[in-house]
Amino acid sequence: GESVGLHLPTLSVQEGDNSIINCAYSNSASDYFIWYKQESGKGPQFIIDIRSNMDKRQGQRVTVLLNKTVKHLSLQIAATQPGDSAVYFCAENGGWGTDKLIFGTGTRLQVFP
Amino acid sequence: EPEVTQTPSHQVTQMGQEVILRCVPISNHLYFYWYRQILGQKVEFLVSFYNNEISEKSEIFDDQFSVERPDGSNFTLKIRSTKLEDSAMYFCASGDRGNQPQHFGDGTRLSIL
């Protein structure tokens, strides 16, 4: 059958506001998680990662939160800027002994002035 | 900042022809990966490569696919007899250790006619 394209959820925020992008991951055995930003025509760009022995990790303007109980990952971007507009993907490794990344469907972030 | 580079940026090939996609990973990295993204769909893992051999591959990576590190700097993906459904964006990634951030190139858009 014909493939149907994904309809990406979209988050629209005003410049200067904080953004929260959520992700439900699939495998309870996953022990490594990572967020990527993908701009049009470019490859995924690493933002921040976290291991399963942590529940929070902070970077520059970004924070990742991990809730293993409900298999949920979130990315918080502080003081969102127009340059943050992109598609954001979470990815998991699927468990110990593998480093392949399993990507989520992505969320489109639109930042308005 | 070191980056993964991929060539060509766009490859158009007749169905049934062989195609080779080329990647130059980040120079001190030891782990190499290929992913693909069909238009409008998720990024999908194809294969991982370490110590001159495949360490893991997905169901997509069948006998038509092969990878090679012909010298100290290049990493290639070959598709022996292309099919229409091979049309996708192909991303190369590299990492310095397993379960560390994988850094992606900007991809090769493969169009099969």
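Just so it is clear: chains get the letters A, B, ... in the order the sequence lines come, proteins before strands, and each one is counted from 1.
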Rounded to the nearest 0.5 Å, the CG atom of Asp99(A) sits from the CZ atom of Phe45(B) at a distance of 7.5 Å
So, the part of Tyr31(B) with a heavy atom under 4.5 Å from chain A: the answer is side chain
In this structure, OH of Tyr35(B) is separated from CZ of Phe103(A) (nearest 0.5 Å) by 5.5 Å
Note: Pro101(B) and Ile34(A) closest approach over all heavy atoms is CA-CD1, 3.8 Å
Just checking Asn28(B): does its CG atom have more than 12 heavy atoms from other residues, nucleotides or ligands closer to it than 6.0 angstrom?
yes
Exercise. Would you kindly confirm whether Val64(A) and Ile77(A) end up in one hydrophobic cluster when ILVMFWY residues are joined by side chain heavy atoms under 4.5 Å apart?
Key: yes
- Item | Chi angles and distances behind the side-chain contact (heavy atoms from CB on, under 4.5 Å) call for Leu101(A), Tyr33(B) | CA-CA 10 Å; Leu101(A) 291 177; Tyr33(B) 311 86; over 6 Å; no
- Message: If you count every heavy atom of other residues, nucleotides or ligands that lies below 6.0 Å from Lys68(A) atom NZ, does the total exceed 12?
- Response: yes
Do Ile79(B) and Phe32(B) share a hydrophobic cluster (ILVMFWY, side-chain heavy atoms under 4.5 Å, transitive)?
yes
If you draw a 6.0 Å radius around CZ in Arg61(A), do more than 12 non-hydrogen atoms from other residues or ligands fall strictly inside? yes
Discussion item. Just so I know, are the side chains of Phe46(A) and Gln100(B) near enough to count as touching, which here means a heavy-atom distance under 4.5 Å?
Written reply: no
When the 4.5 angstrom heavy-atom criterion is applied to Gln38(A) and chain B, the contacting part is side chain
In terms of heavy-atom pairs under 4.5 Å with chain A, the winner among Glu44(B), Gln6(B), Met89(B), Gln102(B) is Gln102(B)
Leu84(B) and Leu46(B): same hydrophobic cluster, using ILVMFWY side-chain contacts below 4.5 Å?
yes
